[in-house]
Amino acid sequence: MRLSFGTKLSYGIGGLADNTMYTLTGTYLLFFLTTVVGLEPAIAGTITALGSVWEAICGPIVGYSSDRIETRFGKRKPFLLFAAFPVAIVSTLLFTSIDAGYGFKVVYYAVMILLFWTSFASFFVPYMTWGSDLTDDYDERTVLRSYAYVFNQLGMAVGMVLPTMIVDLLVSMGKTVETGWMTVGLFSGVCAGGALLICALTNKHSDIKDFKKPETKEKILSAKAIKGMFKEYLSILKVRPIRFVIAASVCYLIANTIFSSDRVYYLSYNLGFSSNTISLTMLVITVAGIAFVPVVALLANKWDKKYVFCYGIGISGVIMMGLRFVNIDSLPMVILVCLVYSVANTCYWQLMPSIIYDVCEVEELCSGEKHSGAVISLQALSESVSMAVGFQLLGINLSLAGFDAELAVQTDSALNWVSNNFTFIPGLFMVILVFAILKYPIDKKVFTRVLDELKLNREGKEKDREELLKILGVKK
């Protein structure tokens, strides 16, 4: 199904919300908790990891619910509308520095991070799943995600480029650093919430045809439903292509979390960059990401998205590992690292959602029913788990290396590990990803066969599909 420009644009706007929140926390939350709030790196890492684990719990519940809920607005849209205002409020509270004892601070930010990821999970999986509902065309899905990725990059500008500029501007006006960060949280939350409202209210596509209000209201999260949810997820995980996609996603997102959170430390402590220079380097990543969108889309259409995804990220990983042995001590060298990272980042965020959409049809072929929300929530779960692992790894190795936020000049050991986290370690995880995605069996040719088989199934026609299931690595 080909989509109109208006539908693609409307859907794409929603991408600003998820990347604003994801990038803001991924880049600055650990830094904010350690250098502004004053928490120990290991404690701050545990709090941020706790939030990601909590989102991993919420995501599957929301995905399962969005597959079953039916309203006159459709299955996915109500979740976006519901989340818009909480997103703005909780983002502000999370980046508010409170004047309290150490123990109370730990509890406060632990609660805020749970609320933050609850609001994020409330819209992220339904939003992502909505894309699979809009079209089942292999290449059109890549185009649709290209629109979303452009707005992802604008969200990255809000959550990654502007924060240090906002803080620096307010400090120059006589405001405190704490006020600056609270303003960052408010501004980012309002942008994310507004994007959700625009996406939900302007996209006229309905994923429920001829809606009729049910006579009895089904309890989506009853004890019976929860048992069915676990059973459904276990069944989905038996589909081999899904396991390879999740493995690849975990590898990249650990790399992404470590790189994104560490770069503020590297630019601030290893190189001593000012806030404006840090914003400039963040801007390079954003602009490069947008510039690479048409290139990645063109290559994916020509060579198949699976291979562009694999080699784009893999080659970037090798280069980043090699850059650890080069002296990165100037703005041009930092920009080079950012450009290499941007290639991998564009390949992941532009192509991975499209890849996971394709897996939804494979799961439907295996189970006989479509569970798009559940499938995509598993990929979202992998994002949450990998963020938790990445935050925890970064927090622990900074603590072990002797990083101390109260010191203007860090020890050689601390600076060395900050450098490792900026290049070699993210690059290593990117390279590991290649081994997982090369085993992923779906390309355009295989996906076309899956769609043909589904069409026959829906028409009540039987066909020997043993060869196709063998290719997919799925047992009868």
Side-chain angles (χ1 to χ4, degrees), residues 1-4 7-8 11-12 128-150 236 239-249 252 292-316 343-344 346-367 370-372 375-376 378-379 433-459 461 463-474:
M1 174 184 174
R2 295 290 175 177
L3 302 173
S4 67
T7 299
K8 294 173 185 174
Y11 177 79
M128 292 287 289
T129 307
W130 204 359
S132 73
D133 297 332
L134 290 173
T135 179
D136 61 3
D137 185 276
Y138 188 81
D139 293 322
E140 188 73 351
R141 283 176 166 175
T142 300
V143 174
L144 178 65
R145 286 306 309 175
S146 297
Y147 277 77
Y149 185 72
V150 169
I236 290 171
V239 180
R240 194 161 174 259
I242 291 178
R243 299 201 298 271
F244 287 126
V245 168
I246 290 176
S249 183
Y252 179 77
F292 291 148
V293 167
V295 177
V296 171
L298 179 64
L299 293 176
N301 185 58
K302 182 177 180 180
W303 290 334
D304 199 286
K305 59 191 173 190
K306 168 185 173 179
Y307 301 107
V308 175
F309 178 88
C310 175
Y311 295 117
I313 296 177
I315 293 171
S316 297
V343 172
T346 304
C347 288
Y348 180 85
W349 293 109
Q350 189 174 346
L351 298 178
M352 174 54 84
S354 179
I355 290 172
I356 198 69
Y357 289 166
D358 299 339
V359 177
C360 293
E361 272 71 29
V362 175
E363 191 277 330
E364 181 183 356
L365 182 66
C366 297
S367 69
K370 192 168 186 178
H371 306 114
S372 299
V375 173
I376 290 172
L378 281 177
Q379 196 270 332
L433 169 150
V434 174
F435 296 97
I437 207 64
L438 281 178
K439 292 182 175 294
Y440 171 72
I442 303 173
D443 54 20
K444 186 173 183 178
K445 184 178 178 180
V446 172
F447 183 72
T448 301
R449 293 182 62 181
V450 170
L451 289 183
D452 290 341
E453 186 64 38
L454 282 175
K455 183 178 179 181
L456 291 173
N457 287 355
R458 291 162 185 162
E459 293 173 352
K461 300 177 182 178
K463 183 181 178 182
D464 183 10
R465 54 181 182 174
E466 184 175 346
E467 181 189 357
L468 177 58
L469 291 178
K470 185 176 180 181
I471 293 173
L472 296 171
V474 177

Do [X] and [Y] have side-chain heavy atoms sitting under 4.5 Å apart?
X: Lys302; Y: Val308; answer: no
X: Glu361; Y: Glu453; answer: no
X: Tyr11; Y: Trp130; answer: yes

To the closest 0.5 Å, what do you measure between [atom1] ([X]) and [atom2] ([Y])?
X: Ile442; Y: Asp358; atom1: CD1; atom2: CG; result: 6.5 Å
X: Lys306; Y: Ile355; atom1: NZ; atom2: CD1; result: 9.0 Å
X: Leu438; Y: Phe309; atom1: CG; atom2: CZ; result: 11.0 Å
X: Arg141; Y: Leu134; atom1: CZ; atom2: CG; result: 9.5 Å
X: Ile437; Y: Leu351; atom1: CD1; atom2: CG; result: 10.0 Å
X: Arg449; Y: Asp443; atom1: CZ; atom2: CG; result: 10.5 Å

Non-hydrogen atoms of [X] and [Y] that approach each other most closely:
X: Gly131; Y: Leu144; result: O-CD2, 3.6 Å
X: Gly312; Y: Cys347; result: CA-SG, 3.9 Å
X: Ala436; Y: Ala248; result: CB-N, 4.0 Å
X: Ser354; Y: Arg145; result: N-CG, 3.9 Å
X: Gln350; Y: Val293; result: NE2-O, 3.1 Å
X: Pro441; Y: Val446; result: O-CG2, 3.7 Å

Side chain to side chain donor-acceptor pair (under 3.5 Å) with Tyr138: which of Asp304, Thr448, Asn301?
Asp304

So Ser249 and Tyr348, side chain to side chain donor-acceptor pair (under 3.5 Å) or not? Walk me through it.
CA-CA 8 Å; Ser249 183; Tyr348 180 85; 2.6 Å; yes

Under the side-chain contact (heavy atoms from CB on, under 4.5 Å) rule, what do Glu363 and Ser372 come out as? Steps first, then yes or no, please.
CA-CA 9 Å; Glu363 191 277 330; Ser372 299; over 6 Å; no

Does the side-chain contact (heavy atoms from CB on, under 4.5 Å) test come out yes or no for Tyr252 and Met352, once each step is laid out?
CA-CA 10 Å; Tyr252 179 77; Met352 174 54 84; over 6 Å; no

For Ile376 and Tyr357: C-alpha separation, side-chain torsions, deciding distance, then whether side-chain contact (heavy atoms from CB on, under 4.5 Å) applies.
CA-CA 8 Å; Ile376 290 172; Tyr357 289 166; 3.7 Å; yes

Apply the test side-chain contact (heavy atoms from CB on, under 4.5 Å) to residues Asp452 and Lys455: give CA-CA distance (whole Å), side-chain angles for both, the deciding distance (0.1 Å), then the verdict.
CA-CA 5 Å; Asp452 290 341; Lys455 183 178 179 181; 5.7 Å; no

